[in-house]
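Encoded as structure tokens, the structure appears first; notes follow it.
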Amino acid sequence: MLANVRNLSKQFGRNAVLSDVSFSVREGEVLGLIGPNGSGKTTLFECLAGLLPCDSGAVDFRGEPLKPARRKEALFYMPDGIRPWPDQTVAWALDFFARMWRRPAGDTAQAWGLAPLARSRIGALSKGELKRTLLALALLTPQPLLLLDEPFDGLDFRQTREAMALLRGRPLDEGRTLLVSIHQLTDAARVSDRLVLLSRGRVVAEGSPAELHPLEEVFLALT
Amino acid sequence: MRSLRALAGKEWRELLASRSFWLLLAIVGPLTGHAFITAVESYAEMSGAAGAPAALPQGLTPLDGIFVPAFGAYDLAITLLFPFVAIRLVASEKESGALKLMLQSPAGLPAMMAAKGVVLAAGWALAWLPGLAAVALWRIYGGHVYAPELLNLLAGHALRFVLSAGVAVAAAAVAPGAASAAIATLAFTVGTWALDFVAMARGGVLQQIAAYTPAAALRGFEQGQLRAGAAAVTLLVGLAGFAFAAVWISPESHRRRLRNTAIVAAAAGAAVWSAALMRPSWDLSENRRNSFPRADEQALRRIGAPLRVTVNLAAEDPRLTDLERNILAKLDRVLPSVRVEYAARTRSGLFEGDRYGEIWYEFNGHKAMNRSTTEPIVLDTLYSLAGVAAPNRGGEPDYPGYPLNARPTGATLLYYLFWPAAVIGAGWLHFRYRS
């Protein structure tokens with residue numbers, strides 16, 4: 001087991017966004033986090049990454065408790081809906097990540113179809129271009145566990161297929177593990193080895209796409 | 001070290017991407033130029049331009065006549081323009097979501113804040129080029145430069161930068177957006193102005209606190225004085241601003257953040273309190289305006305006893321300002337201890353009674369009173385009170401003064417044409433060809 005999330009809870013005022021969330025992440029898998037809008041997926045990711053203090057609960061990494069301040073050693077979280085450094089170019093952002101995390105940038109730009117955008121300002125990218133840039137940046141980090149919030153949001157059908165192939169390709173070959181939140185159930189079933197269904201801040205189902213088949217009906221019944 | 005270099009590189013690019021920074025650079029040239037050109041022309045008039053007789057040459061000091069007004073433009077820029085540049089460096093990362101990525105980077109918060117501080121200092125150093133050009137032009141015109149007082153003035157402006165950067169960065173970290181941060185920073189500045197104003201009228205503790213406001217601290221440097229206490233307080237408050245920013249940027253719970261804020265505030269408060277107690281000060285002015293004549297200083301040092309002064313003058317009485325500036329501040333630098341008590345109970349001094357205006361001096365239980373605020377008279381009172389012979393003050397050479405009847409040749413072109421054109425051109429090239 002790579003990571004074990006135990007009884008994570010988070011409240012905003014009186015509103016409980018996460019309630020005793022527990023699940024496990026296996027080494028080298030793609031774990032899909034699905035749930036309706038407002039179910040707490042992003043909050044869960046931010047709590048896991050240590051960017052948002054949770055009220056209670058713990059995260060074990062390879063059997064050892066991992067405090068929030070040290071989470072960045074084990075996992076990297078790429079949020080959805082951000083447009084970092086809008087005045088800088090794509091090439092600079094890739095180079096900066098490679099230098100910060102001391103990883104070779106290699107053919108990352110090529111693989112994600114970013115070479116023609118290298119001199120484009122991040123602020124001027126389309127939603128799909130931005131998403132591919134963010135995914136490329138995430139894959140430049142070395143942490144064993146990657147948390148990707150809505151990695152296919154903004155991508156068209158072809159790009160989604162390509163992104164899935166890229167995510168399931170080299171990162172898994174390198175032994176990395178992915179935890180991805182996806183609101184499109186078909187995409188989730190296609191890319192994930194297992195799924196965790198979150199509803200109103202609680203884990204309501206966990207299993208492989210085959211075990212949760214038909215996913216749409218399970219989703220409607222439990223959320 | 002490598003990640004710190006990468007961080008500094010990122011901050012530098014972000015600074016150059018900021019239009020407010022280019023605007024600051026473009027404006028600071030004409031602002032400094034106007035101050036410098038006006039100062040050189042006024043100095044020439046005082047030095048006897050247009051056939052008029054020269055003013056008293058002893059009164060013509062390049063520090064007061066040229067450098068303080070020329071660099072005064074930077075006080076304006078650091079107060080009203082620079083905070084927007086510093087705020088952007090923090091607020092844009094918060095607003096764009098880049099901060100969430102940076103908080104997961106191998107670089108810690110101290111390194112992130114240090115990189116921002118270093119880059120802001122480098123940017124501000126670029127903005128100093130017109131000021132340094134003014135010094136160079138003054139030399140070319142044949143003007144006199146006394147390095148210690150000029151360097152002291154530059155140190156004052158450098159400390160003013162640290163304070164301003166610290167306040168702006170802290171405001172940007174705490175406030176939800178750049179606009180709120182700008183309002184908070186300006187509120188701080190206006191607050192210190194108000195404190196200056198109120199303290200002038202009320203005196204007492206308020207006046208002691210007001211001695212450390214940015215304007216008051218800079219005033220000391222502009223007078224050629226280097227006060228260790230004021231310098232340390234300014235530096236510490238600025239650094240505390242960066243520490244506050246680190247606390248508020250860190251992804252902690254609200255309770256923990258408040259606790260850390262209290263810890264930083266307590267540590268900064270204790271450090272500032274200790275710094276404020278530092279008494280060493282140096283008079284780096286060439287005309288020794290902050291010092292008694294050397295013979296008097298030697299005689300006063302021989303007394304070696306603490307002095308207690310009871311002043312019965314109200315805060316609004318101009319004699320009190322004379323006494324503090326011409327006597328007490330100078331005494332404080334040569335006697336082991338000077339304790340001042342203010343006996344007047346009103347602000348204006350009206351209806352204070354017969355004893356109003358009395359100034360009592362006390363050495364080792366011996367007291368003497370006079371009402372004068374004139375330097376030799378007060379010194380003679382102190383010598384007789386301490387039983388020390390008054391020294392012969394005749395041997396010290398007078399400050400010669402440095403009149404210069406020069407025209408600000410080339411300054412108009414440099415500041416109003418070349419500098420703005422160079423900044424606009426460099427900015428255009430940067431935005432056009434950035435990679």
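Residue numbers start from 1 in every chain, and the chains themselves are labelled A, B, ... in the order their sequence lines are given, proteins ahead of strands. When reading the values below, keep in mind they use all heavy atoms of this one structure, side chains included, and skip hydrogens, waters and symmetry mates.
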Notebook entry, point to check: With distance as the sole criterion, is a donor-acceptor pair present between the side chains of A:Q88 and B:E14 under 3.5 Å?
Noted result: yes
Next item on the list: Identify the heavy atoms of A:V203 and A:S22 that sit nearest to each other, and give their distance.
Entry: CG2-O, 3.7 Å
Next item on the list: Below 4.5 Å from any heavy atom of chain A, which atoms of B:E252 appear? Answer side chain, backbone, both or neither.
Entry: backbone
Next item on the list: Using a strict 4.0 Å threshold on nitrogen-to-oxygen distance, state whether B:R160 and B:D75 make a salt bridge.
Entry: yes
Check: With chain B, which of A:G50, A:G123, A:P84 has the greatest number of heavy-atom pairs at distances under 4.5 Å?
Finding: A:P84
Check: Is it the side chain or the backbone of B:S105 that comes within 4.5 Å of chain A heavy atoms, both, or neither?
Finding: both
Margin query: Using a 4.5 angstrom heavy-atom cutoff, name the option from B:S253, B:P106, B:G97 with the most pairs to chain A.
Written below: B:P106
Item checked: Heavy-atom neighbours of A:R161 CZ exceed 12 at 6.0 Å -> no
Notebook entry, point to check: Which pair of heavy atoms, one from B:I249 and one from B:L103, lies closest together, and at what distance?
Noted result: O-CD1, 3.8 Å
Notebook entry, point to check: Does a donor on one side chain and an acceptor on the other come within less than 3.5 Å for B:W419 and B:T32?
Noted result: no
Margin query: Under a 4.0 Å threshold between the charged nitrogen and the carboxylate oxygen, would A:R121 count as salt-bridged to A:D87?
Written below: yes
Check: What residue, out of A:F96, A:W85, A:F97, has the most heavy-atom pairs lying under 4.5 Å from chain B?
Finding: A:W85
Next item on the list: For the pair B:K116 and B:E93, find out whether any cationic side-chain nitrogen is under 4.0 Å from an anionic carboxylate oxygen.
Entry: yes
Check: Does B:R19 make a cation-pi contact with B:F431, if we ask for NZ or CZ under 6.0 Å from the ring centre and within 45° of the axis?
Finding: yes
Checklist line | Residues from residues 56-83 of chain A approaching chain B under 4.5 Å (heavy atoms) | finding: A:K72, A:L75, A:F76, A:Y77, A:M78, A:P79, A:I82, A:R83
Next item on the list: Side chain from CB out, backbone as N, CA, C, O: work out which of these in B:E95 comes under 4.5 Å of a heavy atom of chain A, or both, or neither.
Entry: neither
